[in-house]
Structure formats: structure tokens, C-alpha cells
Amino acid sequence: MKRQYFIAIVWLMVTVAALPANAQKRTIDDRRAYGLVGKVKHVKTSTQPAYVQNGDFLPQEGEETSIDDMSFNSKGLVTLDLYGNTYEYDAKGKFIGKGERGCAKMTRNADGRIASYEDVCDDEDVESHIHKFFYDSKGRMDHVEMTFWESTFNITYTYEGNNVYPATIFTVQYDQGTITRTSYVMDYTKFDAQGNWTRREVYVTRAESEETGEGETDPTTSESYEIEERSITYF
């Protein structure tokens with residue numbers, strides 16, 4: 001009896017290993033790719049220009065604060081991502097586009113993670129664009145490539161250890177001959193009970209140059225500081 005049980009287990013392991021990648025696909029929680037843990041429903045992030053005094057980050061009074069939103073459904077599928085893309089699904093969780101016209105396309109890779117998002121709606125307020133997403137071996141966002149009509153925008157993320165939130169973000173934007181390279185270095189100062197950060201201090205270094213017929217001009221550099229705070233709601 002034990003021998004038959006052992007043979008059955010071995011047969012099951014061999015069968016599973018022989019299945020195609022799609023058949024082994026596990027349910028993916030999109031929240032991890034955005035550095036979130038737990039059953040997150042909505043994230044609201046405010047970014048406030050800041051200055052540093054005696055080592056402390058203080059908000060710049062009178063400077064405009066920008067607001068970003070991100071949301072997920074109860075199954076962990078993203079409905080509004082960090083880059084402003086919206087995702088809609090049917091009752092079975094199948095992506096059906098964007099808005100009543102369904103005028104967006106999305107693909108997932110063999111691991112079930114979002115590989116690309118293409119907005120073809122051509123709205124007056126939103127330029128048609130393509131986003132391509134790439135992940136590291138831990139399922140965290142590695143880099144993002146964005147293509148617009150007259151510009152491209154690439155984002156690279158780096159992490160410390162097993163943290164799901166990035167230590168640095170580096171962006172390169174090409175826009176009609178102007179190249180802007182921006183580095184963001186993060187210092188996380190507050191977390192909620194779930195382990196998601198709610199406040200971070202950001203060191204920003206920006207270098208801007210122009211492409212000419214003779215090459216790239218010397219960059220103009222600047223440094224600034226930001227305070228980012230998040231309010232997070234859960235299911």
C-alpha cells in the first residue's frame with residue numbers, strides 16, 4: 001500500500017512538472033508589483049515640495065501638492081495603476097478594456113503579471129500610449145517603458161533586500177530633443193500596521209540636456225526635496 005502511495009505521489013509530481021506554463025499559472029495579486037502588501041483597496045498619495053533644515057524635511061509652504069490615486073478590486077486586480085491607467089473586468093475577472101468603449105488593451109505574461117497596457121482611446125485629455133512592464137525574480141516592478149506620440153519615458157526601480165518598496169527610482173524622458181534624467185532616493189519614515197509605508201522623504205536630482213546634430217549638450221542639473229504621504233484603505 002505504501003509503495004502504491006509513493007508511486008502515485010511521484011506520478012503527480014511528474015505530471016505537474018510536465019504541464020505547460022499557462023496551466024501552472026497561479027493567481028497573481030497585482031498589489032505586490034506596486035510595493036503593497038495586504039488586501040489594499042485604495043491608495044491616495046500626496047507629494048509636497050520640501051526643504052531640509054537641520055536634517056529635517058519640512059514642507060514648502062505655498063507650494064502646490066500633487067495627488068495620485070491607485071486602486072484594486074477585491075481579487076487584487078489593479079483598477080487604477082500608478083501611471084494613471086484604468087482597468088475594467090467582467091464578473092470572471094477578465095479584462096474588458098476601459099470605459100463604455102472598451103478602448104484599451106492589456107496583456108499578461110506567463111506568470112500572470114501585467115506585461116503591457118495600451119490606451120487607444122485617443123481622448124482629448126489623455127494621449128494614446130503604450131506601457132510595458134517588467135519584473136524581477138521576486139515579482140516586484142523592475143522597470144517600465146512608456147511610449148507616447150512624441151516622447152518616451154523609462155522608469156527603473158531598485159530595492160534593498162526583500163523589501164517590496166523601492167529604494168531608488170531612476171527615470172529617463174525623451175521629449176522632442178530634450179532628455180531629462182531624474183533620480184529619486186527614498187527614506188521611509190512611517191509605516192502602517194499592515195507594513196505599507198505611509199510617509200517617505202525623497203531626494204530628487206534632475207539633469208536636463210538637449211540633443212543636437214553634434215551630440216548631447218552638457219546637462220543642467222538641479223536638486224530638490226519632496227515629502228510623500230499615503231492614506232491606504234483595505235478590504
Side-chain angles (χ1 to χ4, degrees), residues 31-38 40-71 80-85 125-127 129 131 136 140-146 148 151-211 216-234:
R31 290 169 285 210
R32 180 176 177 80
Y34 294 100
L36 296 163
V37 295
V40 175
K41 180 179 182 180
H42 180 254
V43 181
K44 183 176 182 179
T45 304
S46 65
T47 301
Q48 173 72 50
Y51 67 98
V52 176
Q53 181 175 299
N54 298 326
D56 295 326
F57 273 63
L58 302 172
Q60 286 276 12
E61 299 297 337
E63 293 291 333
E64 184 176 353
T65 300
S66 63
I67 302 295
D68 293 299
D69 289 287
M70 187 165 45
S71 59
L80 175 64
D81 71 16
L82 190 61
Y83 317 99
N85 299 317
D125 297 329
V126 180
E127 180 184 356
H129 58 269
H131 284 46
D136 66 13
R140 303 171 298 192
M141 195 73 73
D142 183 76
H143 66 281
V144 182
E145 298 176 358
M146 308 180 192
F148 298 87
S151 63
T152 62
F153 198 80
N154 296 326
I155 308 173
T156 302
Y157 299 87
T158 63
Y159 302 86
E160 290 185 355
N162 292 320
N163 292 342
V164 296
Y165 44 86
T168 65
I169 300 174
F170 183 70
T171 70
V172 182
Q173 182 179 11
Y174 298 87
D175 187 4
Q176 301 183 63
T178 300
I179 305 173
T180 305
R181 298 177 175 90
T182 309
S183 173
Y184 303 86
V185 179
M186 316 297 182
D187 184 14
Y188 295 86
T189 59
K190 290 184 180 179
F191 293 82
D192 66 11
Q194 299 289 328
N196 290 308
W197 69 268
T198 55
R199 186 182 188 277
R200 68 185 181 187
E201 299 169 346
V202 188
Y203 299 80
V204 184
T205 304
R206 182 171 286 105
E208 185 175 296
S209 59
E210 302 290 333
E211 284 186 326
E216 191 175 328
T217 63
D218 291 335
T220 301
T221 61
S222 62
E223 294 182 353
S224 59
Y225 308 93
E226 296 175 347
I227 297 171
E228 293 188 3
E229 295 183 300
R230 300 198 302 188
S231 59
I232 305 174
T233 58
Y234 297 85

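In this chain, numbering begins with 1 at the start of the sequence shown.
Y159 places a side-chain N or O within donor-acceptor distance of the main-chain N or O of M141, the cut-off being under 3.5 Å. Q48 places a side-chain N or O within donor-acceptor distance of the main-chain N or O of Q60, the cut-off being under 3.5 Å.
Atom-to-atom distance recorded for R200:CZ and I227:CD1 is 13.0 Å, nearest 0.5 angstrom. Rounding to the nearest 0.5 angstrom, the gap separating the CD atom in E210 from the CD atom in Q176 is 10.5 Å. Note that OG1 of T47 is 7.5 Å distant from CD1 of I67, once rounded to the nearest 0.5 Å. Atom OG1 of T168 and atom CE of M186 lie 7.5 Å apart (nearest 0.5 Å). Atom-to-atom distance recorded for E208:CD and T221:OG1 is 11.0 Å, nearest 0.5 angstrom.
Residues E216 and S209 have side chains that bring a donor and an acceptor to within less than 3.5 angstrom of each other. Remark: the H143 side chain and the N154 side chain contain no N/O donor-acceptor pair separated by less than 3.5 Å. For the 3.5 Å distance criterion, the side chains of T189 and R199 qualify, holding a donor opposite an acceptor. No side-chain N or O of Q173 forms a donor-acceptor pair with one of T180 less than 3.5 Å apart.
Taking both residues in full, the closest heavy atoms of L82 and M70 are given as N-SD, 3.8 Å, listed atom of the first, atom of the second, then distance. Listed here is the closest heavy atom pair of N196 and G35: OD1-O, 3.9 Å. Between P49 and E63 the shortest heavy-atom distance is CG-CB, 3.8 Å. For the pair A167 and E160, the tightest heavy-atom approach, listed with the atom from each and the gap, is CB-CG, 3.7 Å. The heavy-atom pair separating T198 from F191 by the smallest distance is OG1-N, 3.8 Å. The shortest heavy-atom contact between V40 and V37 is CG2-O, 3.5 Å.
Taking the six-membered ring where tryptophan is involved, the planes of F148 and H131 are perpendicular, since the angle between them exceeds 60° and thus also 30°. Aromatic ring orientation, Y34 versus Y83: tilted (interplanar angle from 30° to 60°).
Here the side chains of V52 and E201 are not in contact, with every heavy-atom distance at 4.5 Å or above. At a threshold of 4.5 Å between non-hydrogen side-chain atoms, the residues R230 and L36 count as touching. Contact annotation: the side chain of H129 approaches that of N85 to within less than 4.5 Å [non-hydrogen atoms, C-beta and beyond]. Counting heavy atoms from C-beta on, the side chains of D69 and K44 come closer than 4.5 Å. In this structure, V172 and F170 have side chains that are in contact, with non-hydrogen atoms separated by less than 4.5 Å.
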- [ ] Could you go through the side-chain contact (heavy atoms from CB on, under 4.5 Å) check for V204 and T182 one step at a time?
- [x] CA-CA 7 Å; V204 184; T182 309; 3.7 Å; yes
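Both tests do not hold together for R140 against Y157: distance to the six-membered ring centre under 6.0 Å, angle to the ring axis within 45°.
The aromatic ring centroids of Y225 and F57 lie less than 6.0 Å from each other. In this structure, Y188 has its ring center under 6.0 Å from that of W197.
The local environment of CG in N162 is sparse, with at most 12 non-hydrogen atoms from other residues, nucleotides or ligands closer than 6.0 Å.
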